[in-house]
Protein chains: 4
Amino acid sequence: MSKGNLLDAIIAQTKLTKKQTDKQQKIVETAIKLFAEKGYANTSTSEIAKAAMVAEGTIFRHYGTKDNLLLSVILPFIKDSIPTMAEEVFGEIMSKNIGCFEDFLRALLTNRIHFINENREIFQIVVKELLYSDELRKDLLPFFTKNILHQISKVINLYKKRGELIDIPSSTIQRMIFPLIGGYFVSRFVLQPDNLDLDEEAEIGNLIRFIMDGLRKE
Amino acid sequence: MSKGNLLDAIIAQTKLTKKQTDKQQKIVETAIKLFAEKGYANTSTSEIAKAAMVAEGTIFRHYGTKDNLLLSVILPFIKDSIPTMAEEVFGEIMSKNIGCFEDFLRALLTNRIHFINENREIFQIVVKELLYSDELRKDLLPFFTKNILHQISKVINLYKKRGELIDIPSSTIQRMIFPLIGGYFVSRFVLQPDNLDLDEEAEIGNLIRFIMDGLRKE
Amino acid sequence: MSKGNLLDAIIAQTKLTKKQTDKQQKIVETAIKLFAEKGYANTSTSEIAKAAMVAEGTIFRHYGTKDNLLLSVILPFIKDSIPTMAEEVFGEIMSKNIGCFEDFLRALLTNRIHFINENREIFQIVVKELLYSDELRKDLLPFFTKNILHQISKVINLYKKRGELIDIPSSTIQRMIFPLIGGYFVSRFVLQPDNLDLDEEAEIGNLIRFIMDGLRKE
Amino acid sequence: MSKGNLLDAIIAQTKLTKKQTDKQQKIVETAIKLFAEKGYANTSTSEIAKAAMVAEGTIFRHYGTKDNLLLSVILPFIKDSIPTMAEEVFGEIMSKNIGCFEDFLRALLTNRIHFINENREIFQIVVKELLYSDELRKDLLPFFTKNILHQISKVINLYKKRGELIDIPSSTIQRMIFPLIGGYFVSRFVLQPDNLDLDEEAEIGNLIRFIMDGLRKE
DNA sequence: TATGAATGAGACTTCATTCAT
DNA sequence: CATGAATGAAGTCTCATTCAT
């Protein structure tokens, strides 16, 4: 782990993604499933090989290292989750002059929930390893915050100027929203991965309502 | 893991807690430190033995199994964190007729932050393994929710009757508060375990303010 | 290794030497370089393939076996080093009625040093594997001694008859000269392969002087 | 290999030599036999384990690494072979005012031949790995030459002053004697390890005679 | 002819656990 | 109680070799 810079790793990784063999595809799929289920450290390469119906050597021919296999699983997800969010979501939202902060939040949450829902297992892996691995945490966390927080800051400041948000420092606001949304995702997609038949619309509505108005009556 | 029922394990564990040898004490201390630092799966018993300056055999003489050592570390914490909270905190708070919901929240948060702060490493272990280990999650999660949520429900209902809280279902409110507070704890004590010199008073203040009033101006 | 008789292998090898593809050429060159550098056992075929910019399969298409590739590298050298020496060198030298034993020695040494210098890497491989591989030693050593020693014997006997050499058994003389010259080559070309800028003329002079007169003063 | 300084390794190694278990003893013995026979790279730890009638894990419990096992075999030999020679042999010889250079040589050769004969297999290992492993060569060769050559220099100079040796530079003399003796040892103990029933007395006599007087008649 | 994906045997190593002392 | 040597199953990884393309 911690091959120096994660960004470099992402780029290198991308370049290596020539054509994926069928077996490669199968290996990654299986690895995702098992890592998500039992955690990286508790999943052996022989287990993966067996489940993917592939010789164990094949895994190492393509990924060289178990660590590398993990990265091959995680990095594309990171790559997609951050810049996409940064550009698509924020950019789109901001440029289209979406009305109030609530609308922005709703758009953001809906977008992210769909993304995570489609990559639920990888999200589970990332969360688990983020907590579990010192190395990964050191690599990924700054990368996350640097990219996301900066975007959020801009949005918050914009709406603060418009007078829609309370007048406390953006950093404080971030420290409130971030764990709330993060915690929501974690508890929904990682802690209770089976219990996924909620009414999404209503769920998001409640979340937004809570973020905006809190619990106090009136 | 998953030696049947966790509650049974707790009870059995309690009974076993006769007199702890010096060595036992040292073993548990060291295990806590290492599990918190590198995760259960990445910590070998020989490592623990070496760091505790104890023969590897000694660990197994007392705990029989590595899994068992983990439980011996986690269970007392769980045992303390749930019932204590249930009885001490809630009981105390409720009986003393503490005024508004805000005061209740402040008392609760302060109390829990201190508790976790004093057991920071074990908290890290519990969080990590909770996410990481399928088994543990299956055992602990229901136990958690059953005990805590029930108490919280009572409180929320009380304050809702008093008209201090918005009129949405308690379960919904829980689903908002829980991740927020949990996320706060996790991000503060697990994700950024070094960065612990915040202004606690102010931090709690912000948290409460956000919980109560959300982000909307006015 | 030890495909029966090495002589047969040499002959078979010779027959196989039809036309070498460019790739074949490249493979052998690369194998020589790598075997010399890191030893046969520590050089993988994939390494060779990569360095030769050839697919790994190509190596096996041509040489069938890694062992076989080693032989393809070694045998031509052996084939050249022995008979050439036997015929060219000895024959030439002897027939030309070269004067004294010293002159013969000088001619021999000069000739061999040039030959080894031009095939330094293969010489390194042969020496290393000769010591390292039981099999190869069993195959090559008798082959060497049989061919070389026989020639040397004739020469020594000739000069002994001429009264130029001391009167001890030829076999004893051989046991003296052989390690000296061999040791000289090994230490010069294998042990200190970088340090190759000696004054060759002087070096050979000293060697001969020592062989002829030893260390005693007067 | 190449744990920085070999001298340090020797010292560290010595300290680690607490009490050897029976199994440890067996492991080292077996390793010596197999390494000598087939070379380090061609001997697998499982082979050693099987031959030593020991679980493979036991090897690693004691030596941690295959490399380390090799060092555990080689270093005591080195440690004994160099200083012993330096102090015992040279010291003794020089101080006792042993008569002529021939006597010195005879004493030295006899001593070393006995030492190597008693450690024949380890000597084989050292020679083989010295040629085979770049790392080891870089570590050991300077160590060898520094310790041995310095001693030899003193002796040679002494006898040169006494007028017993020819008047050419000591370094040149060394470059003659060293390969001769080294080559003799290698060819006798490594190349033809089976053929060990020579008449040692006569053998040494011839060697000395050659070293002193060379091949020239008269 | 050349490729390179795939293989599986086997290499080195780790580790929880047992047991004689 | 405590020790630490011993174990062997299992883990990660390497590599010569095969084979369909």
Side-chain angles (χ1 to χ4, degrees), chain A residues 18-24 26-27 41-49 52-69, chain B residues 19 21-24 26-27 41-50 52-69, chain C residues 19 21-24 27 41-50 53-69, chain D residues 18-24 26-27 41-49 52-69:
Chain A
K18 301 169 188 176
K19 327 116 196 169
Q20 289 225 119
T21 321
D22 286 357
K23 307 252 173 186
Q24 258 185 89
K26 200 77 183 18
I27 289 168
N42 299 322
T43 306
S44 73
T45 49
S46 88
E47 222 174 332
I48 297 171
M53 300 207 297
V54 152
E56 204 171 348
T58 307
I59 295 179
F60 290 92
R61 154 160 259 275
H62 290 296
Y63 301 96
T65 293
K66 197 190 165 194
D67 266 16
N68 216 330
L69 175 58
Chain B
K19 331 115 195 170
T21 322
D22 283 0
K23 306 250 172 188
Q24 267 188 77
K26 202 74 180 30
I27 289 169
N42 299 322
T43 306
S44 72
T45 49
S46 89
E47 222 174 333
I48 297 171
K50 212 167 290 164
M53 301 205 298
V54 151
E56 209 170 345
T58 308
I59 294 179
F60 289 90
R61 158 153 280 275
H62 288 296
Y63 301 95
T65 292
K66 196 191 166 194
D67 268 15
N68 219 331
L69 176 59
Chain C
K19 332 113 194 171
T21 323
D22 284 0
K23 306 251 173 188
Q24 267 187 78
I27 289 170
N42 299 322
T43 305
S44 71
T45 49
S46 89
E47 222 174 333
I48 297 170
K50 211 167 294 165
M53 302 205 297
V54 152
E56 207 170 347
T58 308
I59 294 178
F60 289 90
R61 159 153 281 277
H62 288 296
Y63 301 95
T65 290
K66 196 190 166 194
D67 268 15
N68 219 331
L69 175 58
Chain D
K18 302 170 189 176
K19 326 117 195 170
Q20 288 225 119
T21 319
D22 286 359
K23 305 252 172 184
Q24 257 185 90
K26 202 75 181 21
I27 289 168
N42 298 322
T43 306
S44 73
T45 50
S46 88
E47 222 174 334
I48 297 171
M53 299 207 299
V54 151
E56 204 171 349
T58 306
I59 295 179
F60 290 90
R61 154 160 258 274
H62 289 296
Y63 301 96
T65 292
K66 198 191 166 193
D67 266 18
N68 216 329
L69 175 60

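Convention: sequence-line order gives letters A, B, ...; per-chain numbering from 1.
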For this session: Let me know, please, whether D/E47 or A/V54 comes out on the 5' side of the other along DNA chain E by nearest nucleotide.
Result: A/V54

Exercise. Which comes earlier along DNA chain F counting from the 5' end, the contact point of C/S46 or that of B/M53, where each point is its nearest nucleotide?
Worked result: B/M53

Exercise. Atom CD of D/Q20 and atom C1' of F/dA5: how far apart are they, to the nearest Å?
Worked result: 14 Å

Problem set entry | Listed nucleotide nearest any side-chain atom of B/K23, set F/dT7, F/dT3, E/dT7 | F/dT3

Exercise. Under 4.0 Å between a side-chain N/O of A/T21 and OP1 or OP2 of E/dA5, yes or no?
Worked result: no

Exercise. Any idea which heavy atoms bring C/A55 and C/A49 closest together, and the distance?
Worked result: C-CB, 4.1 Å

For this session: Report the distance from atom NZ of C/K50 to atom P of E/dA2, rounded to the nearest whole Å.
Result: 20 Å

Seminar exercise, completed: In short, A/Q20 meets A/Y63 closest at the heavy-atom pair OE1-OH, 3.7 Å

For this session: Would you check if the side chain of D/T65 reaches a backbone N or O of D/N68 as a donor-acceptor pair within less than 3.5 Å?
Result: no

For this session: Sort out the partner of E/dT13 for me: Watson-Crick or G-U wobble, both distances under 3.5 Å, none otherwise.
Result: F/dA10

For this session: Rounded off to whole Å, could you give me the CD-to-P distance for the C/E56 and F/dT14 pair?
Result: 13 Å

Exercise. Whole Å only: how far is the NZ atom of D/K66 from the P atom of E/dT14?
Worked result: 15 Å

Exercise. D/H62 NE2 to E/dT13 C1': how many Å, rounded?
Worked result: 15 Å

For this session: Could you pick out which residue, B/G57 or D/T43, lies toward the 5' side of DNA chain E when each is mapped onto its nearest nucleotide?
Result: D/T43

Problem set entry | Sub-4.5 Å side-chain heavy-atom contact between A/T45 and A/L69 | no

Seminar exercise, completed: Scanning all shown strands, the Watson-Crick or wobble mate of E/dT21 with both distances under 3.5 Å is F/dA2

Exercise. Nearest-Å distance, CG (D/N68) to P (E/dC12)?
Worked result: 14 Å

Problem set entry | Phosphate OP1/OP2 of F/dG11: any A/T45 side-chain N/O under 4.0 Å | no

Exercise. When you check the side-chain N and O atoms of D/E56 and D/S46, is any donor under 3.5 Å from an acceptor?
Worked result: no

Problem set entry | Short side-chain N/O contact from A/S44 to OP1 or OP2 of F/dG11, under 4.0 Å | yes

For this session: Give a yes/no answer on whether the side chain of B/T58 brings an N or O atom under 4.0 Å of OP1 or OP2 in F/dT3.
Result: yes

For this session: Rounded off to whole Å, could you give me the OH-to-P distance for the C/Y63 and E/dT1 pair?
Result: 12 Å

Problem set entry | Presence of A/R61 side-chain N/O under 4.0 Å of E/dA5 phosphate oxygens OP1/OP2 | yes

Exercise. Could you state the CZ-P distance from A/F60 to E/dG10, rounded to the nearest angstrom?
Worked result: 18 Å

